[in-house]
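See structure below.
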Amino acid sequence: MAASRGTPAVELEIEGLPVRLSNPDRVYFSDRGETKLDLARYYESVGPGIVGALRERPCMLHRFPKGVDGPKVHQKRLPAGAPPWVETVRLHFPRYGLHADELCVTKLADVIWAVQMSTVEFHPWNSRRADTESPDEWRIDLDPMPECPFERVRRAAEVTHEVLDELGAVGWPKTSGGSGLHVYVRIEPRWGFKDVRRGALAFAREVERRLPDDVTTTWWRKDRSPSDLFVDYNQNARDHTIAAAYSVRGNPRGTVSAPLRWDEVADALPDDFTIATMPARFAELGDLHAGIDEAVFDFAPLLEWADRDERDGRDTPPEPEPS
């Protein structure tokens, strides 16, 4: 399907708000030919899910003005030309002495307007507008190295689930939209990014203890085996973000970071979940992460684990560079 020149813009009504979509026939995903309008319709179809994943969070946008085969723009600041109903949150970046007003989604129209601005991927912070320095979401990123088989990712997910159960924490799994899996845990916003990262590292080390032949927490990428599964605790550092639940990824297949039930993890494959397949899945199952805000975990035991590890001589690596 070839994009036509000068295709008239369309106006979508999203929960009573008008959103103008220019170049609706521009092809964004080359494998099947889905367009910019198809992308907007996808996000409409999973509206409660994507809004729930982004609500009140500072959000970095990954924009692809020419479609995903073209260049990518990482956008922290809200793009110019936003309607007055699009909300923002101001963030401070002390390393650079700068501020940025980032998109702060509160409704579906904000998401569709971001699509108008060529956004494909949504990367929210793990804190909310009310207190951006206190995360309320602990993120477990099961990140495979290039030669790591997906079966190893699944095994790590099973052990992650086992350890969370022992802690009394509810984990909410999803595909990354790439080659890995993520598990989110809601926590009280009582701790800063450094503490949440320390606790996340302690948890990752426990998974590593149980799967020493499969999992690593080794800091330097060059020191990891290409077949290792890295439990990336650094995704809990300040200004580090990963794709939200229901976010499309910027690849020609239009894969999606798809929430899963735990009983699906053993059989799910990342390529099963695309903008072509997710609307029907969402219509059947609804938002599989809908209960996350009610399942709040007391993060303090993980800080005790971190203290134990440090007493045993296991240092916390330095903070990573901002993303």
Side-chain angles (χ1 to χ4, degrees), residues 53 57 60 62 74 121-127 135 137-164 167 169 171-187 191-245 247 249 255 257-260 265 270 299 302-303 305-306 309 314-323:
R57 301 187 184 280
M60 184 169 73
H62 288 198
H74 290 232
E121 299 188 17
F122 293 84
H123 287 239
W125 280 40
N126 61 338
S127 60
E137 192 163 79
W138 160 32
R139 296 173 174 175
I140 304 164
D141 180 10
L142 306 178
D143 183 16
M145 296 292 285
E147 296 175 20
C148 176
F150 196 66
E151 184 53 43
R152 186 163 293 169
V153 182
R154 290 192 179 115
R155 279 200 299 276
E158 291 169 3
V159 171
T160 294
H161 192 195
E162 173 186 290
V163 180
L164 289 174
L167 285 164
W172 303 80
K174 66 183 182 75
T175 65
S176 68
S179 56
L181 290 170
H182 302 152
V183 183
Y184 286 1
V185 180
R186 184 65 76 243
I187 61 174
W191 299 275
F193 290 101
K194 288 184 179 180
D195 278 338
V196 174
R197 178 175 175 266
R198 283 179 67 238
L201 170 56
F203 181 91
R205 283 172 170 163
E206 180 59 29
V207 176
E208 182 182 29
R209 287 183 191 102
R210 299 188 189 197
L211 287 174
D213 296 329
D214 295 332
V215 166
T216 185
T217 59
T218 298
W219 169 251
W220 296 109
R221 186 180 181 92
K222 65 181 178 59
D223 295 331
R224 301 177 206 146
S225 164
S227 61
D228 278 341
L229 185 285
F230 178 49
V231 182
D232 190 357
Y233 52 92
N234 289 313
Q235 298 300 354
N236 296 281
R238 189 182 192 273
D239 194 27
H240 278 244
T241 61
I242 50 182
S247 176
R249 304 307 305 270
T255 57
S257 184
L260 302 173
V265 170
F299 198 70
L302 287 178
L303 298 180
W305 286 12
D309 287 349
R314 302 199 72 179
D315 292 336
T316 299
E319 292 282 318
E321 293 292 324
S323 59

Please check if the side chain of Thr175 supplies one atom and the backbone of Ala258 the other of a donor-acceptor pair under 3.5 Å.
yes

Minimum heavy-atom separation for Pro270 and Thr255, please, with both atom names.
O-CG2, 4.4 Å

What distance do Leu201 atom CG and Glu206 atom CD have between them, rounded to the nearest 0.5 Å?
12.0 Å

Carefully, step by step, assess Asp315 and Trp219 under the rule side-chain contact (heavy atoms from CB on, under 4.5 Å).
CA-CA 11 Å; Asp315 292 336; Trp219 169 251; over 6 Å; no

Hey, is the main chain of Phe230 close enough, under 3.5 Å, to the side chain of Asp143 for a donor-acceptor pair?
no

Going through the distances and angles, do Arg197 and Thr316 end up as a side-chain contact (heavy atoms from CB on, under 4.5 Å)?
CA-CA 9 Å; Arg197 178 175 175 266; Thr316 299; 3.7 Å; yes

Chi angles and distances behind the side-chain contact (heavy atoms from CB on, under 4.5 Å) call for Lys174, Leu260
CA-CA 5 Å; Lys174 66 183 182 75; Leu260 302 173; 5.5 Å; no

Donor-acceptor contact below 3.5 Å, side chain Asn236 vs main chain Arg139
yes

What I'd like to find out is whether the side chain of Ile140 reaches to under 4.5 Å of the side chain of Leu164, using heavy atoms alone.
yes

Between Val183 and Trp138, does a side-chain contact (heavy atoms from CB on, under 4.5 Å) hold up when you go through it step by step?
CA-CA 8 Å; Val183 183; Trp138 160 32; over 6 Å; no

Which heavy atom of Pro124 sits nearest to which heavy atom of Ala53, and what is that distance?
CG-O, 4.2 Å

I'd like to check Trp191 versus Leu302 (side-chain heavy atoms, cut-off strictly below 4.5 Å). Are they in contact?
no

Which heavy atom of Glu137 sits nearest a heavy atom of Asn126, and at what distance?
O-ND2, 3.0 Å

By the salt bridge (Lys or Arg N to Asp or Glu O under 4.0 Å) test, which pairs, at least two apart or in different chains, include something from residues 212-236?
Arg152-Asp214, Arg155-Asp214

Pairing of Glu319 and Arg238 as salt bridge, 4.0 angstrom limit:
no

Side chains of Phe193 and Ser127: does their closest heavy-atom pair fall under 4.5 Å?
yes

Checking the side chain of Ser257 only, and the main-chain atoms of Ser247 only, is there a donor and an acceptor separated by less than 3.5 Å?
no

Could you measure the distance from the OH atom of Tyr233 to the CZ atom of Arg198? Nearest 0.5 Å is fine.
13.0 Å

Examine distances only and state if a side-chain atom of Arg249 and a backbone atom of Ser176 form a donor-acceptor pair shorter than 3.5 Å.
yes

Once side chain to side chain contact (heavy atoms under 4.5 Å, CB included) is applied, do any residues pair with Pro144, and if so which ones, sequence neighbours excluded?
Cys148, Val153, Ser179, Leu229

Using a strict threshold of under 4.0 Å (side-chain N to carboxylate O), is an ion pair present between Glu151 and Arg154?
yes

CG of Asp195 to CZ of Phe299: how many Å apart, nearest 0.5 Å?
8.0 Å

For Gly199 and Leu303, work out which heavy atoms get closest and say how close.
N-CD2, 4.1 Å

Rounded to the nearest 0.5 Å, what separation is found between the CG atom of Leu211 and the OG1 atom of Thr160?
8.0 Å

In this structure, which one of Gln235, His62, His123 forms a side chain to side chain contact (heavy atoms under 4.5 Å, CB included) with Thr241?
His123

Measure the spacing between NE2 of His182 and CG of Leu142 and express it to the nearest 0.5 Å.
8.0 Å

